[in-house]
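In what follows, every chain begins at residue 1, and chains take the letters A, B, ... in the order their sequences are listed. Because the structure is a prediction, the values reported are computed rather than measured.
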Number of protein chains: 2
Amino acid sequence: MSTTPDLLFRTLADPTRRAIFERLCREGEQTVGALTVRSGVSQPAVSKHLGALKQAGLVRDRHEGRQTHYSAQPGALNPLIDWTSQMAGFWQNRLDALDDLLKRMDQ
Amino acid sequence: MSTTPDLLFRTLADPTRRAIFERLCREGEQTVGALTVRSGVSQPAVSKHLGALKQAGLVRDRHEGRQTHYSAQPGALNPLIDWTSQMAGFWQNRLDALDDLLKRMDQ
DNA sequence: CATACCCATAACCCTACGGTTATGAATAAA
DNA sequence: TTTATTCATAACCGTAGGGTTATGGGTATG
């Protein structure tokens with residue numbers, strides 16, 4: 001039983017937020033300041049996006065002195081993977097059923 | 001090169017719309033009227049969602065008399081699958097690099 | 001022809017939410 | 001201790017978009 005992918009889809013729907021998550025996946029742990037550079041938005045905006053990503057379980061934070069390091073938590077993508085393969089599975093099942101039907105009609 | 005999953009994420013982010021797509025995947029082709037029943041929203045709302053799904057390539061429509069039949073187009077999920085495995089891949093690469101580093105330090 | 005049905009579109013409303021600036025708490029540096 | 005830095009939160013604004021009702025075009029039915 002996979003948990004609902006609802007929050008995951010909503011969280012990843014925003015391009016800016018998804019870009020931040022992609023950077024964390026590609027480049028590993030980053031501070032808020034580092035993520036703000038070339039994000040195209042202000043530091044508070046980045047903080048809010050990181051908050052949303054954290055609530056969705058997509059990132060972890062680690063405090064060190066006055067800076068906060070964020071890192072991706074890729075296991076959180078599993079419900080998404082489950083959902084897509086489930087959808088593909090339903091499709092395949094109906095294809096198999098159609099195949100069966102055609103075979104029986106063929107006899 | 002996978003096409004951008006942006007439109008896909010945005011389209012699937014809405015629960016009502018995603019529920020319609022799920023029904024089409026599970027139960028196969030449906031008319032707008034059939035989809036409206038138990039969708040929890042009005043017929044125009046369903047039509048708008050189907051329009052969005054169609055624009056994202058997630059469904060196809062087929063006109064027959066005065067009714068329109070919609071069916072899921074699961075191949076359209078491929079960019080999503082590509083994106084998730086790419087993210088998982090970046091993660092794995094960085095893990096491998098760390099592993100290498102630890103091995104070299106161990107010598 | 002008149003009527004009923006199915007769907008799409010238009011016009012509108014309202015909320016969610018992504019952006020901003022302002023500010024403060026916590027920590028490092030002078 | 002004073003000053004500077006880093007981040008999070010608050011308060012606010014504007015817009016995108018999902019909901020509704022109203023309506024019309026196209027097709028089947030009486």
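Between the side chain of A:Thr68 and the main chain of A:Glu64, no donor-acceptor pair closer than 3.5 Å is present. In terms of modelled atom types and a separation under 3.5 Å, the side chain of A:Arg62 and the main chain of A:Tyr70 share no donor-acceptor contact. Checked by atom type and distance alone, the side chain of B:Arg17 pairs as donor or acceptor with a backbone atom of B:Thr11 at under 3.5 Å.
By the side chain to side chain contact (heavy atoms under 4.5 Å, CB included) test, B:Arg66 is found to be paired with no residue, residues two or more places apart in sequence or in another chain being considered.
One finds a side-chain N or O of B:His49 lying less than 4.0 angstrom from the OP1 or OP2 phosphate oxygen of D:dG19. Within the 4.0 Å cut-off from OP1 or OP2 of C:dG18, not a single side-chain nitrogen or oxygen of A:Thr16 is found. For A:Arg10 and C:dA16, the shortest distance from a side-chain N or O to OP1 or OP2 is not below 4.0 Å.
Within the structure, side chain to side chain donor-acceptor pair (under 3.5 Å) pairs that include any residue of residues 30-40 of chain A comprise A:Glu27-A:Gln30 (at least two apart or interchain).
Separating the CD atom of B:Gln67 from the P atom of C:dC5 is a distance of 14 Å, rounded to the nearest angstrom. When rounded to the nearest whole Å, the span between CZ of A:Arg17 and C1' of C:dG19 equals 12 Å. Distance NE2 (B:His63) to P (D:dG25): 17 Å, rounded to an integer number of Å. Atom CG of B:Leu12 is separated from atom P of D:dG18 by 12 Å (rounded to the nearest Å). As rounded to whole Å, 17 Å separates atom P of C:dT15 from atom CG of B:Asp14. Rounded to a whole Å, the OH atom of B:Tyr70 is 9 Å from the P atom of C:dC7. Atom-to-atom, CG of B:Leu50 to P of D:dG19 comes out at 12 Å; the value is rounded to the nearest Å.
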Would you tabulate the pairs of protein nitrogen or oxygen atoms and nucleotide nitrogen or oxygen atoms of nucleotides 25-30 of chain C closer than 3.5 angstrom?
from	atom 1	to	atom 2	distance (Å)
C:dT27	O2	A:Arg66	NH1	3.4

Note to self: Apply side-chain contact (heavy atoms from CB on, under 4.5 Å) to residues A:Leu58 and A:Leu8 and explain how you reach the verdict.
What the structure shows: CA-CA 8 Å; A:Leu58 286 162; A:Leu8 235 39; 4.1 Å; yes

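Relative ring orientation between B:Trp83 and B:Phe9 is described as perpendicular, the plane-to-plane angle rising above 60° on a 0-90° scale split at 30° and 60°.
Atom OG of B:Ser85 is separated from atom CD of B:Gln92 by 12.5 Å, given to the nearest 0.5 angstrom. One distance of note links CD1 of B:Ile81 with CD1 of A:Ile81; it measures 9.5 Å at 0.5 Å rounding. A distance of 14.0 Å separates CG of A:Leu50 from CZ of A:Arg60, quoted to the nearest 0.5 Å. Rounded to the nearest 0.5 angstrom, A:Glu22 CD and A:Leu12 CG are separated by 9.5 Å. Rounding to the nearest 0.5 angstrom, the gap separating the CG atom in B:Asp61 from the CG atom in B:Leu53 is 11.5 Å.
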Check: So what does the secondary structure string of DNA chain C come out as, 5' to 3', with Watson-Crick or wobble pairs under 3.5 angstrom, [ ] for crossing and | for pairs with another strand?
Finding: ||||||||||||||||||||||||||||||

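Heavy-atom distances to DNA chain D give each of A:Lys48 and A:His69 a nearest nucleotide, and the one nearer the 5′ end belongs to A:His69.
In summary, A:Arg18 and B:Asp6 engage in a salt bridge, as defined by a charged side-chain N under 4.0 Å from a carboxylate O.
More than 12 heavy atoms of other residues, nucleotides or ligands sit less than 6.0 Å from atom CZ of B:Arg23.
Taking a 4.0 Å limit (strictly below) on heavy-atom distances, residues 54-61 of chain A does not reach DNA chain D anywhere. Listed by residue number, the members of residues 19-47 of chain B with any heavy atom below 4.0 angstrom from DNA chain C are B:Thr31, B:Val32, B:Gly33, B:Gln43, B:Pro44, B:Ser47.
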